[in-house]
Structures are given as structure tokens and as C-alpha cells.
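Please read the structure below before turning to the comments.
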Amino acid sequence: MACMFLPQGLSVPRPTNLSAFASSSSPLIPLCQALPQPRARRCLATRCVVSVSCALQALIFDCDGVILESEHLHRQAYNDAFAHFGVRCSDQPLDWGLEFYDELQNRIGGGKPKMRWYFKEYGWPSSSIFEKPPESDEDRAKLIDTLQDWKTERYKDIIKSGTVNPRPGVLKLMDEAKAAGKKLAVCSAATKSSVILCLENLIGMERFQGLDCFLAGDDVKEKKPDPSIYLTAAKKLGVSETECLVVEDSVIGLQAATGAGMSCVISYTSSTANQDFKEAIATYPDLGNVRLKDLELLLQSVVAAK
């Protein structure tokens with residue numbers, strides 16, 4: 001409901017010409033306060049105020065697991081890297097199994113942190129990079145950097161093979177958001193070069209170049225579940241955290257989004273389906289049947305409930 005204004009203390013039950021009041025120097029009060037309103041109309045006005053204040057301004061996507069179901073591809077690339085450099089832990093060739101990798105990738109975000117955690121937990125390996133397990137921080141960093149660089153290039157080859165497709169509904173939702181004038185961003189914990197390659201091949205150059213913000217693991221000091229990447233995105237987008245809605249696939253991403261004060265919906269995968277998503281405002285098996293209007297209404301209802 002639009003509110004017009006009257007000079008303080010003036011009582012006019014149904015003014016026919018309000019233009020005369022435009023130049024008045026008297027304090028102004030809203031007409032919707034001066035005239036009695038039915039209860040239903042007051043409620044409607046309140047809902048309008050809420051919907052405006054919590055309007056969705058930015059839609060932010062994770063990449064791996066959301067734009068593409070990629071965890072099995074990352075696992076393949078890691079194991080290829082371990083085999084290429086002859087990585088051995090406890091004198092056994094290192095090969096991350098499916099169930100173990102599902103647990104690992106849901107616990108620790110980012111490739112280098114995954115390997116560093118694993119080697120600290122199970123022992124630093126021998127390899128063609130270092131014949132004996134590295135002992136100094138410098139040598140250990142070199143081992144991880146070398147493995148990660150080779151793994152990244154292998155992952156790129158897999159993506160460029162043309163056998164990988166975006167998950168259902170992702171492109172449609174991106175296009176709806178841009179058409180509606182919403183800010184659009186991608187925030188991934190993965191290496192920047194691999195994320196760029198994924199986006200160029202899976203969402204296309206036009207959509208990629210049309211993103212209002214793109215951040216990767218290289219752009220922040222702390223990986224998810226730390227909220228840094230989403231806080232940085234909100235600043236770059238020029239919107240408040242409450243005006244953002246994040247699409248994630250895992251509890252790590254969910255924690256990063258909520259830690260930044262953002263609402264989050266989950267598009268889960270086979271490896272994350274059993275995680276605890278109670279902090280998400282909605283969960284979906286994919287985005288195939290999700291429309292932008294659905295997400296806008298979700299965000300409004302969340303803010304209204306608060």
C-alpha cells in the first residue's frame with residue numbers, strides 16, 4: 001500500500017486534492033497512520049514491508065557438487081596423481097576408495113587441505129618426488145603443491161573430454177536470475193584454474209563472463225566451512241548477507257554460508273544425501289523443478305519468521 005503524507009495534526013477524512021500539502025512546512029505523518037485501516041489491510045501492508053526488506057538480490061552457487069556432480073572425477077584425478085608419482089603410505093600404493101573419499105571430501109574442503117590432513121593422520125609418504133617421506137615443512141609443502149598441480153591438470157583433461165554435463169536445472173536457474181536482474185555468483189573452494197575450466201565448459205563462456213562475482217579457493221585464506229569466501233562475495237556484489245541465497249551440496253558449504261549470515265538451500269548428491277542439513281531452508285535432489293520464484297518466496301518466509 002502506498003502511503004501519502006499529511007501535516008501533523010490535520011484531520012481530513014478523505015482529501016480530494018493532496019497537491020496543496022506538498023509545499024507545507026509542517027511535520028508530515030503517513031496517511032495510512034492518520035486514517036483508520038481495517039485489520040486485514042494492516043497485515044497486508046506489513047507483509048509488503050517484509051517482502052521488500054528481504055528481497056533476493058544475489059544468487060550464489062557452489063561449483064563442485066552443485067553445478068556438476070564432480071566428486072568421483074576429483075577422486076579419479078587424485079588417484080591418477082598418486083599413481084603417476086608412485087606415492088606410497090606405509091609401503092602401500094596410495095589409492096583413495098569411494099567410501100573413504102566420500103567421507104573425506106565431506107569433512108575437509110579444498111584439495112591441499114585434504115592431502116595435508118591425510119598425510120598428518122596416516123603418515124607422510126614416499127614418492128618419486130621425495131624418495132623418503134619429507135620431514136621439513138618446506139619439503140612437505142612442495143610434495144603437496146606438486147601433487148595438487150598434477151591432479152588439477154588431470155582433472156582439466158577429464159572435464160575437457162566432453163563427457164561431463166551440468167546438473168539438472170542449473171543453467172535454467174542461472175538464466176532466470178540474470179533475466180530478473182539478480183546478481184549471480186559462483187564461490188568454490190577448488191583451485192581457480194580448474195573452476196574456470198569447469199565453468200567455461202559446462203555453463204558456457206557467455207554465462208561465465210556474465211557472472212557478477214567469481215571466487216575460488218585461491219582467493220581467500222581460509223577454506224569452507226570458514227565463511228570468508230561468502231563474506232567476500234557479498235562485499236564484491238555490494239549486497240547484504242541477508243539478501244543473498246546460496247546453493248550448496250554439502251554440510252561444509254552449508255556451514256560456510258550460514259556462518260556468513262546467508263540463507264542456504266541444498267542440492268544434494270549421492271555422496272552427501274545423508275548429511276545433516278537442518279540449517280538449510282530447503283533441500284532438493286537437484287534443481288530440475290526449482291524456479292527462481294520458489295527461492296524468492298523461501299527467503300521471504302525465512303526473514304518474515306524471524
Side-chain angles (χ1 to χ4, degrees), residues 50-51 53-67 69-71 102-110 113-114 117 167 169-170 173-174 177 182-190 195 211-217 219-269 271-287 290-306:
V50 169
S51 67
S53 65
C54 65
L56 174 63
Q57 298 298 326
L59 188 60
I60 307 176
F61 290 83
D62 179 30
C63 185
D64 291 326
V66 173
I67 294 177
E69 194 159 355
S70 58
E71 298 309 328
D102 278 350
E103 182 179 347
L104 179 65
Q105 62 96 10
N106 288 324
R107 178 186 300 180
I108 301 172
K114 281 184 177 68
W117 177 88
R167 293 190 68 196
V170 170
L173 196 52
M174 284 185 168
K182 309 300 182 185
K183 300 288 182 69
L184 193 61
V186 172
C187 293
S188 171
V195 182
L211 292 175
D212 298 288
C213 176
F214 162 60
L215 294 173
D219 296 313
V220 290
K221 291 182 179 180
E222 300 295 332
K223 308 288 187 183
K224 302 174 185 178
D226 187 274
S228 298
I229 196 165
Y230 287 125
L231 293 172
T232 303
K235 186 175 181 180
K236 286 182 175 292
L237 291 168
V239 297
S240 72
E241 291 80 1
T242 57
E243 294 172 324
C244 298
L245 183 61
V246 176
V247 185
E248 275 282 0
D249 71 301
S250 70
V251 70
I252 288 179
L254 173 61
Q255 290 169 350
T258 56
M262 298 180 182
S263 295
C264 181
V265 298
I266 293 292
S267 174
Y268 57 82
T269 67
S271 66
T272 65
N274 295 324
Q275 293 183 11
D276 182 4
F277 296 130
K278 66 177 180 294
E279 297 300 321
I281 63 174
T283 60
Y284 308 102
D286 59 53
L287 300 174
V290 179
R291 299 292 183 267
L292 180 65
K293 189 168 210 42
D294 300 329
L295 301 182
E296 289 181 301
L297 291 174
L298 269 173
L299 187 60
Q300 290 173 14
S301 66
V302 168
V303 175
K306 293 179 180 180

Below 4.5 Å, heavy atoms only, C-beta onward: do [X] and [Y] meet side chain to side chain?
| X | Y | result |
| --- | --- | --- |
| Asp219 | Thr232 | no |
| Leu295 | Leu59 | yes |
| Asp249 | Ser267 | no |

Exercise for review: Mind checking salt bridge (charged side-chain N to carboxylate O under 4.0 Å, His left out) for Lys183 and listing every partner two or more places apart, or none if nothing turns up?
Suggested key: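 With neighbours one apart ignored, the set is empty.
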Euclidean distance, [Y] [atom2] relative to [X] [atom1], rounded to 0.5 Å:
| X | Y | atom1 | atom2 | answer |
| --- | --- | --- | --- | --- |
| Gln57 | Ser240 | CD | OG | 8.0 Å |
| Leu292 | Met174 | CG | CE | 12.5 Å |
| Glu71 | Asp102 | CD | CG | 8.0 Å |

Minimal non-hydrogen separation, [X] against [Y], with atom names:
| X | Y | value |
| --- | --- | --- |
| Leu184 | Ala177 | CD1-CB, 4.2 Å |
| Asp62 | Asp64 | OD2-O, 3.0 Å |
| Ile60 | Leu237 | CD1-CD1, 4.3 Å |

Practice item. Using the test side-chain hydrogen bond (donor to acceptor under 3.5 Å, both in side chains), find all partners of Thr272 that sit at least two apart in sequence or belong to another chain. Key: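 Residues passing side-chain hydrogen bond (donor to acceptor under 3.5 Å, both in side chains) with Thr272: Thr269.
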Check your understanding: Considering residues at least two apart in sequence or located in another chain, which fulfil the side chain to side chain contact (heavy atoms under 4.5 Å, CB included) criterion with Lys223?
Key ->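 Scan of Lys223 (side chain to side chain contact (heavy atoms under 4.5 Å, CB included), adjacent residues dropped) gives Pro113.
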Check your understanding: With sequence neighbours excluded, what pairs up with Glu222 under the side chain to side chain contact (heavy atoms under 4.5 Å, CB included) test?
Key ->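 Counting only residues at least two positions away or on another chain, Glu222 forms a side chain to side chain contact (heavy atoms under 4.5 Å, CB included) with Asp226, Ser228.
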Cut-off 3.5 Å, no hydrogens considered: what does the side-chain donor-acceptor table look like for residues 253-266, sequence neighbours left out?
unit_1: Thr258; atom_1: OG1; unit_2: Leu254; atom_2: O; d: 2.9
unit_1: Thr258; atom_1: OG1; unit_2: Gln255; atom_2: O; d: 3.4

Review point. Is a side-chain donor or acceptor of Arg167 paired with a backbone partner of Glu69 at a separation under 3.5 angstrom?
Key: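 A pair under 3.5 Å: no.
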Review point. Can you tell me if Lys114 uses its side chain to pair, donor with acceptor, with the backbone of Leu104 under 3.5 Å?
Key: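 A pair under 3.5 Å: no.
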Exercise for review: Output all residues satisfying ring pair (Phe, Tyr, Trp, His ring centres under 6.0 Å) with Phe214, sequence neighbours left out; order by chain, then residue number.
Suggested key: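 Only Phe208 meet the ring pair (Phe, Tyr, Trp, His ring centres under 6.0 Å) criterion with Phe214.
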**Study point:** Result of checking Tyr268, Phe277, Tyr230 against Glu248 for side chain to side chain contact (heavy atoms under 4.5 Å, CB included)
**Key:**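 Only one of Tyr268, Phe277, Tyr230 forms a side chain to side chain contact (heavy atoms under 4.5 Å, CB included) with Glu248, namely Tyr230.
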